[in-house]
Asks: 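Below is one structure. I have some questions about it.
The figures that follow rest on heavy atoms only: side chains count, while hydrogens, waters and symmetry mates do not.
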Amino acid sequence: MSHKEDNEGKRSFHHSQLYTDIPRTCMPIVYHPDYNITFMGLEKLHPFDAGKWGKVIHFLKEEKFITDGNIVEALEATEEDLLVVHTKRYLNRLKWSLVVATITEIPPLLFLPNFLVQRKVLRPLRTQTGGTIMAGKLAVDRGWAINVGGGFHHCSSDRGGGFCAYADITLAIKFLFERVEGISRATIIDLDAHQGNGHERDFLDDKRVFIMDMYNRYIYPGDGYAKRAIKRKVELDWGTEDSEYLQKVELHSEGALNEVRPDIIVYNAGTDILDGDPLGGLSISPQGIVKRDEIVFRAARRRGIPILMVTSGGYQKKTARIISDSILNLHRQGLIGAEALEGEGSSSLLTSMMYSSGSVGSKFTAV
């Protein structure tokens, strides 16, 4: 995208509900029950746990970290919102059940009327996409934000795949560039087990976006064209374990943020790196995932850079518990906290770092 095109977008952007004011009594954690896909059991035909997002919220409530009243309820992205990145032609193609069945890799969707596919499959994905866009603005306002869903990093402006129908990462960044003063550079740290070829294709010629991608070199999507967009590429071998993995996460996330100082970090925190994941092919322990997230957040907080986290892939039933454990650990470490509940209202991470948090109890492809 040229700067001319970007400037034209700034002059003519549409009114969106996704940047609505969020009460300071809310934590910058975004979720909606509509995230979860349940449709006559068809969702079970893909290894993705299509209800994991609700389970994360359930665990966080059990630990008294959040309540229904202090999380941010996601709004569904409208067609106008999606057209900020997606082509009209691509969105029209999603009106064909065959196309959606191919993208989500759930073949029986082919035989269902598209209005059902829209309601039961695509609307949850559009709501998660709206959640990512909302969380981007929240991250700038509060210093950090977590969308409990999202991370559809195989989708680009004109093509979907790997269970990814909407390019939520690209959309969140483009919304910030167009609508938020002072946000002109972004860094994507993609630590899902799979290459993030969707956002890479979208930002291939955009010098404002620095992409670090660390993934299993042998698995889907193997998109050589998209790899040209990666500024810091870390290709892993089968069965990579905690010690090597965490060393590389720290080295390269620090290196990426030292190389270019962004105005926002988008962190794609896939849990398909977990040992035993049927698609990721890596051997990272639950404790390793918790430590990985801590390393990335610590690097952001040390530099005072707002960070948006999305949860992306993860294909075992226990990943929801690990995601919630990681969020609780970030809180215990003082890397996220209840600044909003305390009414501090600071958009500066340097201020929020001074907040002292209390402890909290204890052939498929892929996102």
Side-chain angles (χ1 to χ4, degrees), residues 85 128-129 132 135-136 139 145-147 149-156 160-164 166-174 185-204 206 208-236 240 245-246 248-257 259-260 262 264-274 277 279-282 284 288-289 292-293 295-297 299-300 305 307-315 319 323 326 365-367:
V85 165
Q128 292 192 43
T129 296
T132 300
I146 297 170
N147 181 17
F152 304 130
H153 65 160
H154 297 310
C155 187
S156 60
F163 206 76
C164 302
Y166 302 107
D168 68 316
I169 291 174
T170 307
L171 279 158
I173 292 171
K174 290 283 183 73
R185 290 176 297 181
T187 289
I188 300 170
I189 297 179
D190 194 334
L191 299 185
D192 186 274
H194 300 81
Q195 177 201 350
N197 61 320
H199 58 73
E200 288 160 10
R201 283 175 171 266
D202 286 333
F203 292 121
L204 190 62
D206 195 329
R208 298 171 300 172
V209 180
F210 184 103
I211 298 174
M212 168 188 160
D213 200 350
M214 184 162 148
Y215 54 88
N216 183 338
R217 71 174 77 216
Y218 298 110
I219 61 175
Y220 177 89
D223 189 337
Y225 177 79
K227 286 180 184 179
R228 298 190 301 160
I230 305 173
K231 304 296 195 300
R232 187 172 281 258
K233 179 171 62 179
V234 189
E235 296 191 322
L236 303 172
T240 298
Y245 182 82
L246 293 174
K248 287 183 174 178
V249 168
E250 184 152 25
L251 173 67
H252 291 288
S253 58
E254 292 284 346
L257 296 175
E259 192 168 336
V260 174
I264 182 76
I265 297 166
V266 179
Y267 172 37
N268 197 46
T271 45
D272 50 3
I273 63 170
L274 182 65
D277 189 278
L279 303 182
L282 303 176
I284 309 306
I289 292 175
R292 173 199 69 173
D293 296 349
I295 288 169
V296 175
F297 268 76
I305 303 170
I307 181 168
L308 157 62
M309 172 176 154
V310 289
T311 58
S312 204
Y315 307 93
T319 60
I323 293 167
S326 178
T365 52
V367 175

Asks: Would you say Y166 and Q128 make side-chain contact, with heavy atoms under 4.5 Å?
Replies: no

Asks: Measuring only between side-chain heavy atoms, which start at C-beta, is V234 closer than 4.5 Å to L251?
Replies: no

Asks: At their closest point, which heavy atom of G313 faces which heavy atom of D192, and how far apart are they?
Replies: N-OD2, 3.0 Å

Asks: Shortest non-hydrogen contact from I264 to G136?
Replies: CD1-O, 4.5 Å

Asks: Side-chain contact test, heavy atoms from C-beta onward, threshold under 4.5 Å: evaluate it for L171 versus T132 and give yes or no.
Replies: no

Asks: Kindly indicate whether the side chain of T311, heavy atoms from C-beta on, has any atom under 4.5 Å from the side chain of T271.
Replies: no

Asks: Looking only at heavy atoms, what is the nearest atom pair of C155 and C164, with distance?
Replies: CB-O, 3.5 Å

Asks: State which residues pass side-chain contact (heavy atoms from CB on, under 4.5 Å) with K231; sequence neighbours excluded, sorted by chain then number.
Replies: F210

Asks: Is there a donor-acceptor pair closer than 3.5 Å between any side-chain N or O of D213 and the backbone N or O of K233?
Replies: no

Asks: Got a second to check how far T187's OG1 is from I173's CD1, nearest 0.5 Å?
Replies: 9.0 Å

Asks: Would L279 and Y220 satisfy side-chain contact (heavy atoms from CB on, under 4.5 Å), going step by step from the backbone distance to the final call?
Replies: CA-CA 9 Å; L279 303 182; Y220 177 89; over 6 Å; no

Asks: Let me see the working for N216 and L282 under side-chain contact (heavy atoms from CB on, under 4.5 Å), right down to the final yes or no.
Replies: CA-CA 7 Å; N216 183 338; L282 303 176; 4.1 Å; yes

Asks: Please enumerate all residues that pass side chain to side chain donor-acceptor pair (under 3.5 Å) together with K227, with sequence neighbours excluded.
Replies: E235

Asks: Please round to the nearest 0.5 Å and tell me the distance separating atom CG of L246 and atom OG1 of T240.
Replies: 11.0 Å

Asks: Exactly one of L191, I265, V249, L257 should register a side-chain contact (heavy atoms from CB on, under 4.5 Å) with M212. Which one does?
Replies: L191

Asks: Quick one, F203 with I188, criterion side-chain contact (heavy atoms from CB on, under 4.5 Å). Give me CA distance, side-chain angles, the key distance, then yes/no.
Replies: CA-CA 11 Å; F203 292 121; I188 300 170; 4.2 Å; yes

Asks: A135: which residues meet the side-chain contact (heavy atoms from CB on, under 4.5 Å) condition with it, sequence neighbours left out?
Replies: V30, A145, N147, L308

Asks: Working to the nearest 0.5 Å, report the span between NE2 of H252 and CD1 of I189.
Replies: 12.0 Å

Asks: Assess whether side-chain contact (heavy atoms from CB on, under 4.5 Å) is satisfied between Y245 and M214, documenting all intermediate values.
Replies: CA-CA 10 Å; Y245 182 82; M214 184 162 148; 3.4 Å; yes

Asks: For N268, what residues pass the side chain to side chain donor-acceptor pair (under 3.5 Å) criterion, not counting sequence neighbours?
Replies: H153, D190, S312

Asks: Quick one: side chain to side chain donor-acceptor pair (under 3.5 Å) partners of Y267, sequence neighbours excluded?
Replies: R292, D293

Asks: If the condition is side chain to side chain donor-acceptor pair (under 3.5 Å), which residues does E250 pass it with, not counting sequence neighbours?
Replies: none

Asks: Go through the structure and list residues passing side-chain contact (heavy atoms from CB on, under 4.5 Å) with R185, not counting sequence neighbours.
Replies: D263

Asks: Hey, what do you get for CG (D202) to OG1 (T170), rounding to the nearest 0.5 Å?
Replies: 3.5 Å

Asks: Which atom names give the shortest non-hydrogen contact between S156 and G198, and what distance separates them?
Replies: CB-O, 3.4 Å

Asks: Among residues at least two apart in sequence or on other chains, which ones pass side-chain contact (heavy atoms from CB on, under 4.5 Å) with A226?
Replies: Q195, N197, E200, R201, D223

Asks: Closer than 3.5 angstrom, by distance alone: can the side chain of D272 be matched with the main-chain N or O of G280 as a donor-acceptor pair?
Replies: no

